[in-house]
Q: 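Pasting in a structure now, in structure tokens, and then I'll have a few things to ask.
The chains referred to below are lettered A, B, ... by the order of the sequence lines, with proteins before strands, and numbering in each begins at 1.
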2 protein chains.
Amino acid sequence: MVSTIDRKSELIHALEDIGCRVTGPRVEIIQEISTLEGSFTAEDINTRLPALGRATIFRTIKLLQDTQKLCKTVLFDGTVRYSLDTGFHHHHLICVKCGDIKEMRSMELERVLRVAAKKIPDQVVGHSLEIYRICSNCS
Amino acid sequence: MVSTIDRKSELIHALEDIGCRVTGPRVEIIQEISTLEGSFTAEDINTRLPALGRATIFRTIKLLQDTQKLCKTVLFDGTVRYSLDTGFHHHHLICVKCGDIKEMRSMELERVLRVAAKKIPDQVVGHSLEIYRICSNCS
DNA sequence: GTGCTTGCAAAGAATTTGCATAATT
DNA sequence: AATTATGCAAATTCTTTGCAAGCAC
């Protein structure tokens with residue numbers, strides 16, 4: 001299990017690595033993201049950090065996506081949510097009630113997807129798979 | 001192969017079935033959708049039928065979704081595209097260059113997905129799978 | 001000090017809604 | 001004739017941008 005502190009410094013270092021300054025607002029946003037267990041929306045951060053400008057929140061989220069540490073997911077209804085990213089290829093378990101997103105990996109699924117890709121005449125460049133569920137909090 | 005005419009009357013009947021009137025604007029929109037081979041955006045229809053109000057286009061598209069004959073897909077970049085729907089469970093083959101969407105079905109994939117779902121402790125209510133490719137027009 | 005960042009407000013883009021008018025059944 | 005549908009324009013929602021002032025390095 002990764003601690004909040006570890007996640008926080010990992011994200012801060014990731015920003016530094018792409019040449020960003022470590023500023024107060026950015027640290028505050030990273031703090032919130034690290035504390036949140038599941039996925040979140042830009043609005044979630046805005047609500048928790050009302051002193052920050054929305055633009056800063058969107059800009060920081062974008063930077064974190066650039067570091068590959070944050071993953072953007074557009075849900076079936078068009079809602080945009082973000083979740084921490086391990087950096088490995090993975091799929092999402094999405095709760096249809098609260099929108100929470102968890103990562104999921106399965107070698108078996110990947111294998112079948114590779115086989116399926118071979119049957120497609122065009123060049124396959126990737127895939128995304130979302131499994132919809134009702135999470136334990138919501139059921 | 002389904003003809004444009006068949007698709008058109010199928011969509012018109014589908015609207016009638018949910019208690020909608022068959023109006024000029026709706027028929028025009030259905031005509032365009034039936035003629036288009038792949039997927040399309042609301043803007044595509046608006047461009048082809050500039051005499052119609054945008055609101056009418058969005059409202060008609062929504063009605064067609066209600067009939068289950070039209071499928072809404074939100075792409076990785078947030079773009080919204082629509083495509084004709086067979087009504088059966090299926091997945092999407094999406095071209096990363098032009099956004100074109102084709103339906104795809106695979107018993108093998110479904111089987112593996114069912115097995116994967118059983119391993120998830122929560123109640124799984126569905127899934128969606130998109131395979132990204134470069135279509136023959138774009139490659 | 002220099003240049004990257006911030007917050008505000010304004011601009012955008014996409015979609016929805018209210019309402020008077022027009023068309024369908 | 002009774003209702004539903006349309007088109008326009010205004011309102012929404014979410015996100016981005018321009019810019020002067022404020023920080024990090």
Q: CG of A/Leu63 versus P of C/dC4: gap in Å, rounded?
A: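 Rounded to whole Å, this separation is 13 Å.
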
Q: Quick one: B/Leu15 CG to C/dT24 C1', roughly how many Å, whole number?
A: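 The answer, rounded to whole Å, is 14 Å.
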
Q: Taking the six-membered ring for Trp, are B/His89 and B/His127 closer than 6.0 Å centroid to centroid?
A: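 Yes, they do, as the ring centres are separated by less than 6.0 Å.
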
Q: Let me know the distance between CD1 of B/Ile57 and P of D/dA5, rounded to the nearest Å.
A: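 Atom-to-atom, B/Ile57 to D/dA5, this comes out as 17 Å.
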
Q: Inspect the contact between A/Arg133 and A/Asp100 and indicate whether a charged nitrogen and a carboxylate oxygen are less than 4.0 angstrom apart.
A: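 Salt bridge between A/Asp100 and A/Arg133, a charged N being under 4.0 Å from a carboxylate O: yes.
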
Q: For the pair made of CD1 in B/Ile45 and C1' in D/dT6, what is the distance, rounded to whole Å?
A: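 Rounded to whole Å, this separation is 17 Å.
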
Q: Rounded to whole angstrom units, what separation is found between the CD1 atom of A/Ile12 and the C1' atom of C/dT5?
A: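 Taking CD1 of A/Ile12 and C1' of C/dT5, I get 16 Å after rounding.
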
Q: Look at A/Arg48 together with A/Glu43 and state whether they make a salt bridge at an N to O cut-off of under 4.0 Å.
A: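 Judged by the 4.0 Å cut-off on N to carboxylate O distance, A/Arg48 and A/Glu43 do not form a salt bridge.
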
Q: With a cutoff of under 4.5 Å between side-chain heavy atoms, which Ile, Leu, Val, Met, Phe, Trp and Tyr residues group with A/Met107?
A: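 Members besides A/Met107: none; it forms no cluster.
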
Q: Let me confirm one number: the CZ-OG1 distance from A/Arg81 to A/Thr41, rounded to the nearest 0.5 Å.
A: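 Nearest 0.5 Å value for the CZ-OG1 distance: 6.0 Å.
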
Q: So, are B/Arg111 and B/Glu108 salt-bridged, with charged N and O less than 4.0 Å apart?
A: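 Looking at B/Arg111 and B/Glu108, the cut-off is met.
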
Q: Set out, line by line, the N/O atom pairs under 3.5 Å between protein and nucleotides 21-24 of chain D.
A:
| unit_1 | atom_1 | unit_2 | atom_2 | d |
| --- | --- | --- | --- | --- |
| D/dA24 | N3 | A/Arg21 | NH1 | 3.0 |

Q: Applying ring-ring contact (aromatic ring centres under 6.0 Å, His included), can you list everything that pairs with A/Phe76, at least two apart in sequence or on another chain?
A: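 Residues passing ring-ring contact (aromatic ring centres under 6.0 Å, His included) with A/Phe76: A/Tyr132.
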
Q: Indicate yes or no: does A/Asp6 engage A/Lys8 in a salt bridge with an N to O separation below 4.0 Å.
A: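 Result for this pair is no, no salt bridge flagged.
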
Q: Any chance you could pull the hydrophobic cluster mates of A/Ile131, using side-chain heavy atoms under 4.5 angstrom and chaining through other members?
A: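 Same cluster as A/Ile131: A/Leu93, A/Met104, A/Leu109, A/Val112, A/Leu113, A/Ile120, A/Val124, A/Leu129, B/Leu93, B/Met104, B/Leu109, B/Val112, B/Leu113, B/Ile120, B/Val124, B/Leu129, B/Ile131.
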
Q: With a 4.5 Å limit on heavy-atom distance, are the side chains of A/Leu15 and A/Ile30 in contact?
A: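 Yes - at least one pair of side-chain heavy atoms lies under 4.5 Å apart.
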
Q: Which atoms of nucleotides 10-17 of chain C (N or O only) lie under 3.5 Å from a protein N or O atom, and what are those distances?
A:
| unit_1 | atom_1 | unit_2 | atom_2 | d |
| --- | --- | --- | --- | --- |
| C/dT16 | OP1 | B/Lys62 | NZ | 2.3 |
| C/dT16 | OP2 | B/Lys62 | NZ | 3.1 |

Q: B/Glu28 has an atom CD; how far is it from atom P of D/dT6, in whole Å?
A: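 It works out to 10 Å between those atoms.
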
Q: Roughly how far apart are A/Glu10 CD and A/Leu84 CG, rounded to 0.5 Å?
A: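 Those atoms lie 8.0 Å apart.
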
Q: Using five pairs at each end of the helix from C/dG1-D/dC25 to C/dT25-D/dA1 to define an axis, what is the angle between those two axes, to 10°?
A: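 The helix from C/dG1-D/dC25 to C/dT25-D/dA1 shows an end-to-end axis angle of 30°.
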
